[in-house]
Amino acid sequence: MAEWLERVDRTLVTTALEQSWPSEGPVLFLGEWCRRFSRRKRWVDLDAEIVPYHWDDRDRLDADYVYIANCYERLLADLSTSLNDLHDIDRSPRFWRILTGPWLGTFVSMAFDRWRMVEEAVSRTDLNGTILLDGLAHAVTPSDMRDFENLFVTDEWNHHLYGRVLEELGGVQIEHRDYTPVIEENSPEAVAETGSWRYGLLSKYSRLAHRLSRRGDVVLQAPYLRPTDELSLHRRLGQVPILWSMVEQPWERFEPGDRPWAMNGEPIDRFEAFVRSTAVTQIPCAYVEGYQRMQEMVDEASWPSDPKVIFTSNSHIGNDMFKFWSADRLERGSKLMIGQHGGTYGTARRSFPEDHEVAISDRYLSWGWDDQNRDWIKPVGQLRGFSPLGVDHGCQPHALLVTAGLPRQSYSFVSAVVASQWLQYLEDQFNFVERLTPELRETLVVRLAKEDYDWDQAGRWQDRWPNIRIDNGQMIMRNLLTQSRVYISTYNATTFLESLAMDIPTIIFWRPEHWELRGTAIGPFEELSQAGIFHKSAESAADHLSDVWSDVDAWWGDRKVRSAIQNFNYQFNRRPADLVGAVADEIWDLVRNH
């Protein structure tokens, strides 16, 4: 049973939209995501309580993953038949899994989280009501998956979803107010990136060369290979080299219409009934109103009409045009090969992205790990071809601390820091700095994530450690790495895989309860721990940095350390002698045996 907070009638606040805050009286914030650091003068003196985050209980999170995964599968099956009925077609379940699965899996996970948090609030204190804002510009049905990814990180979209939950659960008095959009001052403007002259030449070349492709050519779409390796792979396959990601494909924005239909099937509980009805209003327009036009655009696309194999590492989640085209081609006999495109794969205890990618593929290329229960996973090695930078890191002046940026509220399900737990993660970074000597702090460069998600991370660092050198994610990473004696990774993702592949002296630390490992990864990480590379606390990592700083080469060159790195890289981060040849072999094997 949930522990009661102070028995005071409070107004429930669900997001950081201050127009939904009461002008007076006690407040119950649904989570830390409601309290922007840059706006702390607005909330610091309020009579306020914060609802404990339900997934701070990580056993509960594990159990909920199983429930959400089962719920997702039931909904996907019923959504597939519903969309077939709606469009009077007979697409396969796999087609709809490829096209709608990334959206549905993410939406179900987020809806469950929002539902449970409202239940937590209602069960822990007395509420005298909440304020819901009408006319939210961003709380609209997304045009496509990329639009959805932009929407679900906004307070407007989340406020709208919380409103749906509150209306469904009932028991809380709701006051409706009109929303007035606010343009924040001093918000950074997006800087358009200009490609290099090499990029321009490759783009122009690919737009011309695609006309020479044959209908049965293997398609390489954003395969996460270096451009030189991607072009070389085309040659190895005996076809015209093309960078397909540089070839423009047709696309349009779609708008929602009336949706009088309901999802097929029967819910097993109250939450599932809610998410079924809400999903119908939130499903991207590309799968509903835009479906017929999507089919037309697929027929207009520049990709080969009958590819033997389609290989991607980066276009199978957010690129709806590619997803529709590839799913359509698979129904005609093509095969889908997906490559791992970063960290957590093979190591995280739970990962919806990994489960989805492996499920939709005919062949999955990992960076070294395998799974005896999923024999189509093939450990080819890291696809990006990371290699040493050719500098003597032991002589470099800086320690580089790289931090994570995550949305303020939960989204896709992975064993990682979730929602307000990011503040605990940030406190670990502060504790790491606190543990260092003043002299070592002067060498430190803190690399912030480019995407802030309104955590105001730079402001928090400036407030706590005003003299620490900060890079806000704008410096060229290679330049930072070449000037670094030690690379410090603070989360389970791609960063430390890259640094280990580059043979940069690396220290990794995180809370084990925030970044749970699967059973097959525990041993390799424990070996890294024995070598002083992996640490389970900020303090241990800082102490080790202090111990080795004066002679990093002696530590990094130690036989025990080299053995741990070699063993870890073999399992999760292999560097094949002939990467292009290894990928080509998997493609040819897929063609021959399927």
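Neither side chain, Y65 nor N70, offers a donor N or O lying under 3.5 Å from an acceptor on the other. There is no side-chain donor-acceptor pair under 3.5 Å between S334 and D306. Side-chain N/O atoms of S109 and Y72 include no donor and acceptor closer than 3.5 Å. Looking at W103 and D320, their side chains never bring a donor and an acceptor atom within 3.5 Å of each other. Using modelled atom types, one finds a donor on one side chain and an acceptor on the other under 3.5 Å when comparing T495 with S489.
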Practice prompt. Apply side chain to side chain contact (heavy atoms under 4.5 Å, CB included) to W251 and M294, showing your working.
Written response: CA-CA 8 Å; W251 188 247; M294 286 273 287; 3.0 Å; yes
Worksheet entry | Audit row: R332, D328, side chain to side chain contact (heavy atoms under 4.5 Å, CB included) steps and yes/no | CA-CA 7 Å; R332 305 182 189 193; D328 182 80; 3.0 Å; yes
Worksheet entry | Stepwise side-chain hydrogen bond (donor to acceptor under 3.5 Å, both in side chains) check, W325 with Q221 | CA-CA 12 Å; W325 172 81; Q221 170 71 27; over 6 Å; no
Practice prompt. Evaluate the side chain to side chain contact (heavy atoms under 4.5 Å, CB included) criterion for residues V288 and F254: first the C-alpha distance (whole Å), next the side-chain angles of each, then the deciding distance (0.1 Å), finally the verdict.
Written response: CA-CA 9 Å; V288 182; F254 304 108; over 6 Å; no
Worksheet entry | Stepwise side chain to side chain contact (heavy atoms under 4.5 Å, CB included) check, Q457 with W422 | CA-CA 10 Å; Q457 52 184 335; W422 185 87; 3.9 Å; yes
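Qualifying side chain to side chain contact (heavy atoms under 4.5 Å, CB included) partners for L497, counting only residues two or more places apart in sequence or in other chains: W367, F568, N573. Looking at residues two or more places apart in sequence or on another chain, you find a side chain to side chain contact (heavy atoms under 4.5 Å, CB included) between A564 and E527, L528, A531. With sequence neighbours excluded, the residues forming a side chain to side chain contact (heavy atoms under 4.5 Å, CB included) with R235 are L231, S232, P241, listed by chain and number. Under the ring-ring contact (aromatic ring centres under 6.0 Å, His included) criterion, Y491 pairs with no residue, sequence neighbours left out. Considering only residues two or more places apart in sequence or on other chains, S361 meets the side chain to side chain contact (heavy atoms under 4.5 Å, CB included) condition with I338, Y364, W376.
Side-chain contact between V219 and W244 is present, with heavy atoms from C-beta onward closer than 4.5 Å. Side-chain contact between L400 and M477 is present, with heavy atoms from C-beta onward closer than 4.5 Å. Inter-residue side-chain proximity for R562 and W556 is flagged as met; some heavy-atom pair is nearer than 4.5 Å. Within the 4.5 Å cutoff, no side-chain heavy atoms of R447 are placed close to those of N472. Under the 4.5 Å side-chain criterion, counting only non-hydrogen atoms from C-beta, Q409 is not in contact with M110. Within the 4.5 Å cutoff, side-chain heavy atoms of T106 are placed close to those of S412. A heavy-atom distance below 4.5 Å is not found between the side chains of V414 and N492. In this structure the side chain of L383 reaches within 4.5 angstrom of the side chain of L579, judged on heavy atoms.
R350 has no carboxylate O lying under 4.0 Å from a charged side-chain N of E516, or vice versa, which leaves the two without a salt bridge. The existence of a salt bridge linking E149 and R146 is excluded, since no basic side-chain nitrogen approaches an acidic carboxylate oxygen closer than 4.0 Å. Classification of R253 and D147 as a salt-bridged pair holds, one side-chain N sitting under 4.0 Å from a carboxylate O. Taking the charged nitrogens against the carboxylate oxygens, R363 and D589 do have a contact shorter than 4.0 Å, which makes a salt bridge. The pair D454-R408 counts as a salt bridge, with a side-chain nitrogen and a carboxylate oxygen less than 4.0 angstrom apart. A salt bridge does not link D78 with R74: every distance from a Lys NZ or Arg NE/NH1/NH2 to an Asp or Glu carboxylate oxygen is 4.0 Å or more. The pair R349-D62 meets the salt-bridge criterion, since a charged nitrogen lies less than 4.0 angstrom from a carboxylate oxygen.
Between W510 and F534, the gap from one ring centroid to the other is short of 6.0 Å. Here Y345 and F572 keep their ring centres 6.0 angstrom or further from each other. In this structure, Y291 has its ring center no closer than 6.0 Å to that of Y287. For H341 and H316, the ring centers are positioned less than 6.0 Å apart.
Sorted by first and then second residue, the salt bridge (charged side-chain N to carboxylate O under 4.0 Å, His left out) pairs involving residues 573-582 (not counting sequence neighbours) are R236-D578.
Using the six-membered ring where Trp is involved, Y67 and F112 have ring planes that are tilted, between 30° and 60° apart.
The backbone N or O of S563 lies less than 3.5 Å from a partner atom in the side chain of N567, making a donor-acceptor pair. Of the possible donor and acceptor atoms, one in the side chain of S351 sits under 3.5 Å from a partner among the backbone N and O of E354. With hydrogens and angles ignored, the 3.5 Å screen pairs no side-chain donor or acceptor of T344 with any backbone N or O of A493. Panel note: side chain Q571, backbone W369; no donor-acceptor pair is recorded below 3.5 Å. The main-chain N or O of G216 is found under 3.5 Å from a side-chain atom of K308 such that the two form a donor-acceptor pair. Not one N or O on the side chain of E586 forms a donor-acceptor pair closer than 3.5 Å with the backbone of A582. Using modelled atom types, no side-chain atom of D503 and backbone atom of P388 make a donor-acceptor pair closer than 3.5 Å. Remark: side-chain polar atoms of Q249 are paired, donor with acceptor, to backbone N or O of S302 under 3.5 angstrom. Listed for the S315 side chain is no donor-acceptor partner under 3.5 Å among the backbone atoms of T312. In this structure, the side chain of E331 does not engage the main chain of R91 through any donor-acceptor pair within 3.5 Å.
Of all heavy-atom pairs between W261 and L79, the closest is CH2-CD1, 4.4 Å. Across T403 and A449, no two heavy atoms sit closer than the pair OG1-N, 3.9 Å. Closest approach of I283 to R259, counting heavy atoms only: O-NH1, 2.9 Å. Contact detail for G385 and R226: the closest heavy-atom pair is O-NH1, 3.6 Å. Of all heavy-atom pairs spanning A501 and Q382, the tightest one is CB-NE2, 3.5 Å. The nearest pair of heavy atoms linking C71 to V275 is SG-CG1, 4.4 Å.
Atom-to-atom distance recorded for K323:NZ and T100:OG1 is 8.0 Å, nearest 0.5 angstrom.
Surrounding CZ of R559 are at most 12 heavy atoms belonging to other residues, nucleotides or ligands under 6.0 Å away. E300 CD: more than 12 foreign heavy atoms inside a 6.0 Å radius. For Y570, the OH atom counts as loosely surrounded, since its 6.0 Å shell holds 12 or fewer non-hydrogen atoms of other residues, nucleotides or ligands.
Relative to the six-membered ring of Y224, R384 meets both conditions, a distance below 6.0 Å and an angle of at most 45° to the axis.
When each of I507, I533, T506 is tested with F496 by the rule side-chain contact (heavy atoms from CB on, under 4.5 Å), just one qualifies, namely T506.
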